[in-house]
Amino acid sequence: MPAPEPSPPQSRLPAAASRSGANADVARILRGPSGLGTAGLRLARREEPPTPSAAAEGNPIPGLYYHPVPEPDPGRVAEVSRRIKEWALDEVDLYPEEWEEQFDGFSVGRYMVACHPDAPTVDHLMLATRLMVAENAVDDCYCEDHGGSPIGLGGRLLLAHTALDALHTTREYQPRWAESLHSDAPRRAYRSAMEYFVQASSPSQADRFRHDMARLHMGYLAEAAWVQTDHVPEVWEYLAMRQFNNFRPCPTITDSVGGYELPADLHAQPAMQRVIALAGNATTIVNDLYSYTKELASPGRHLNLPVVIAEREGLSDRDAYLKAVEVHNDLMHDFEAEAAAVAVALPGPTAQRFLRGVAAWVDGNHYWHQTNTFRYSLPDFW
Ligand SMILES: CC(C)=CCC/C(C)=C(\C)COP(=O)(O)OP(=O)(O)O
Ligand SMILES: [Mg+2]
């Protein structure tokens with residue numbers, strides 16, 4: 001007899017936000033209350049309503065479900081940008097001069113200020129910014145654009161992971177490991193960014209981050225294995241890989257960056273885990289859609305959702321891209337419905353703030369992808 005099919009994990013919490021008719025609840029819970037006297041309950045630091053800024057460059061993908069954000073505070077962006085460059089050059093010797101334009105074009109200051117509107121200080125924003133830069137250094141130098149390769153990736157990633165999750169070994173071997181953490185830019189960046197993060201977060205928040213980074217590294221390895229064997233996975237298999245090769249480690253530090261802690265037992269609730277996974281998946285498919293033309297232009301076949309749908313489902317490039325937009329939109333709607341249900345089931349202020357922080361990260365991530373015209377451009381499908 002065939003084994004029963006596992007059912008998809010569903011929230012056991014009250015269905016407070018079924019898709020129809022719940023938009024107002026979702027908006028209130030994820031973006032904060034509106035109305036007289038409620039400004040202090042919202043995440044955004046400034047008083048302006050969250051309307052898209054006239055200054056925002058780049059066009060949103062037609063038909064994409066997303067929420068515009070206010071233009072990130074220019075004073076904060078300038079200060080984070082200044083400090084992150086100082087860290088990259090003076091503390092971790094991150095890149096050679098030739099890469100400066102790309103470092104600047106990445107606009108990590110604008111990215112992190114947009115994603116963390118409730119960070120109490122620039123020091124808090126720097127925690128996220130250093131980690132974001134370090135994560136991209138590992139992706140670029142080990143996996144992709146700047147000398148990366150699937151060959152030998154497992155060994156490189158594992159050793160870099162020890163910059164986040166220390167090696168505990170004998171006196172004889174400990175010094176060689178400690179030295180190794182200074183031996184290339186990705187390891188220097190991971191080590192330093194993690195040191196700052198550990199100092200500012202609780203042991204449980206640091207461990208949550210290590211776990212999310214192990215997930216990320218596992219995702220990189222699956223992608224690399226498929227590249228090595230020129231394998232195009234089925235669409236659901238691709239989505240499984242991309243759930244790990246995913247932005248998840250960024251929204252899940254929203255509480256550390258906000259200067260508070262979501263207790264481990266609330267973070268571990270299956271319904272909260274589902275919300276986090278859906279948010280991470282939606283943000284990562286946003287990357288697949290905005291980086292589509294960049295990845296088409298890169299050497300070899302770069303797997304992303306539209307490419308996999310076209311290949312596996314026999315659709316034209318355009319139809320596959322439009323289907324990928326629908327997949328993203330479904331993930332976003334599910335994220336919002338499940339987050340609203342969790343907010344009802346866990347009504348304490350910390351869980352609510354964490355959920356709003358994750359939603360703010362989702363919206364800021366879309367903003368950054370849309371407006372980063374240095375890095376991304378849309379295909380000509382409309
Ligand atoms: C910041 C972070 C945790 C990144 C991990 C995974 C990752 C690099 C992405 C989700 C971005 O995807 P991709 O490698 O396709 O990036 P680009 O399209 O090259 O911007
Ligand atoms: Mg991409």
Side-chain angles (χ1 to χ4, degrees), residues 58 61 84 99 102-103 105-108 111-112 114-116 127-146 148-150 153 157 160-161 164 186 189-190 193-194 197 208-224 226-227 238-254 257 276-277 279-308 321 324 328 331 358 361-362 364-366 368-379:
I61 293 168
I84 194 63
W99 297 358
Q102 286 186 45
F103 183 85
F106 192 83
S107 305
V108 70
Y111 196 176
M112 292 299 92
C115 285
H116 294 283
L127 300 173
T129 310
R130 284 185 214 96
L131 288 170
M132 171 60 79
V133 167
E135 286 149 3
N136 276 279
V138 170
D139 190 40
D140 286 349
C141 299
Y142 285 0
C143 312
E144 291 191 11
D145 311 356
H146 292 296
S149 156
L153 180 62
L157 277 182
H161 194 85
L164 311 173
Y190 262 3
M194 189 65 181
F197 186 73
R208 181 201 305 165
F209 179 71
R210 290 188 193 99
H211 190 177
D212 282 345
M213 292 301 286
R215 290 181 159 112
L216 174 66
H217 294 154
M218 189 162 68
Y220 285 164
L221 288 176
E223 181 184 49
W226 288 337
V227 168
Y238 174 79
L239 290 169
M241 181 279 287
R242 207 59 169 132
Q243 175 164 306
F244 292 85
N245 177 352
N246 187 289
F247 284 122
R248 178 183 174 122
C250 310
T252 52
I253 60 169
T254 184
V257 180
I276 288 170
N281 291 348
T283 58
T284 303
I285 301 306
V286 157
N287 177 275
D288 280 15
L289 293 167
Y290 278 98
S291 65
Y292 175 75
T293 58
K294 169 169 102 72
E295 288 167 359
L296 272 191
S298 66
R301 175 171 40 208
H302 195 298
L303 294 180
N304 59 43
L305 186 58
V307 162
V308 175
Y321 190 93
H328 165 272
L331 289 166
V358 171
W361 205 94
V362 170
N365 176 68
H366 174 270
W368 178 80
H369 279 86
Q370 177 200 322
T371 57
N372 196 332
T373 50
F374 174 84
R375 201 169 162 84
Y376 305 122
S377 62
L378 296 189

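Atom set for the values below is all heavy atoms of this structure, side chains included, hydrogens, waters and symmetry mates excluded. All ligand and atom numbering here is 1-based and tracks the order in the structure.
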Can you tell which part of Tyr376 has a heavy atom less than 4.0 Å from ligand 1: side chain, backbone, both or neither? side chain
One residue to check: Leu216. Relative to ligand 1, which of side chain, backbone, both or neither has a non-hydrogen atom less than 4.0 Å away?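 Side chain only; the backbone of Leu216 stays clear of ligand 1.
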Within-4.5 Å side-chain heavy-atom neighbours: [X] and [Y]:
{"X": "His369", "Y": "Ile61", "answer": "no"}
{"X": "Val286", "Y": "His328", "answer": "yes"}
{"X": "Phe197", "Y": "Ile253", "answer": "yes"}

In sequence, state the C-alpha distance, the side-chain angles, and the governing distance for Leu289 and Tyr321, and then conclude on side chain to side chain contact (heavy atoms under 4.5 Å, CB included). CA-CA 8 Å; Leu289 293 167; Tyr321 190 93; 3.6 Å; yes
Does Pro251 offer a backbone N or O that forms a donor-acceptor pair with the side chain of Thr254 under 3.5 Å?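 No, the answer is negative, given that no donor and acceptor are paired below the 3.5 Å cut-off.
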Under 4.0 Å from any heavy atom of [X], which atoms of ligand 1 are there?
{"X": "Asn287", "value": "11 (C), 12 (O), 13 (P), 15 (O), 16 (O), 17 (P), 18 (O), 20 (O)"}
{"X": "Arg375", "value": "17 (P), 19 (O), 20 (O)"}
{"X": "Cys250", "value": "1 (C), 3 (C)"}
{"X": "Ser291", "value": "18 (O)"}
{"X": "Tyr220", "value": "5 (C), 6 (C), 8 (C)"}

Between the side chains of Asp212 and Thr252, does any donor sit under 3.5 Å from an acceptor? yes
Under 3.5 Å, is there a donor on one side chain and an acceptor on the other for Tyr190 and His161?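 On atom types as modelled, these side chains do not qualify, holding no pair under 3.5 Å.
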Heavy-atom closest contact (Ala222 atom, Met241 atom, distance):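 Closest heavy-atom pair between Ala222 and Met241: CB-CG, 3.8 Å.
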Nitrogen or oxygen of [X] less than 3.5 angstrom from that of ligand 1:
{"X": "Asn136", "result": "no"}
{"X": "Glu295", "result": "yes"}
{"X": "Asp139", "result": "yes"}
{"X": "Glu135", "result": "no"}

What orientation do Trp361 and Phe247 show, parallel under 30°, tilted 30 to 60°, or perpendicular over 60°? tilted
What is the ring orientation for Trp368 with Phe106, classed by angle as parallel under 30°, tilted 30 to 60°, or perpendicular over 60°?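 Answer is tilted, since the angle falls between 30° and 60°.
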How long is the span from the CG atom in Asp288 to the OH atom in Tyr238, to the nearest 0.5 Å?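 The CG atom of Asp288 sits 3.5 Å away from the OH atom of Tyr238.
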Distance col, row Trp99:CH2 vs Cys141:SG, nearest 0.5 angstrom, shows 4.5 Å
Which option out of Tyr290, Phe244, Phe247 puts a heavy atom nearest to atom 9 (C) of ligand 1? Phe247
Identity of the nearest option to atom 12 (O) of ligand 1, non-hydrogen atoms only, from Arg248, Met132, His302, Arg242: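 Answer by nearest heavy atom: Arg242.
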Protein N/O/S neighbour count - the Mg ion (ligand 2), strictly under 2.8 Å: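 With waters ignored, the protein N/O/S count below 2.8 Å is 3.
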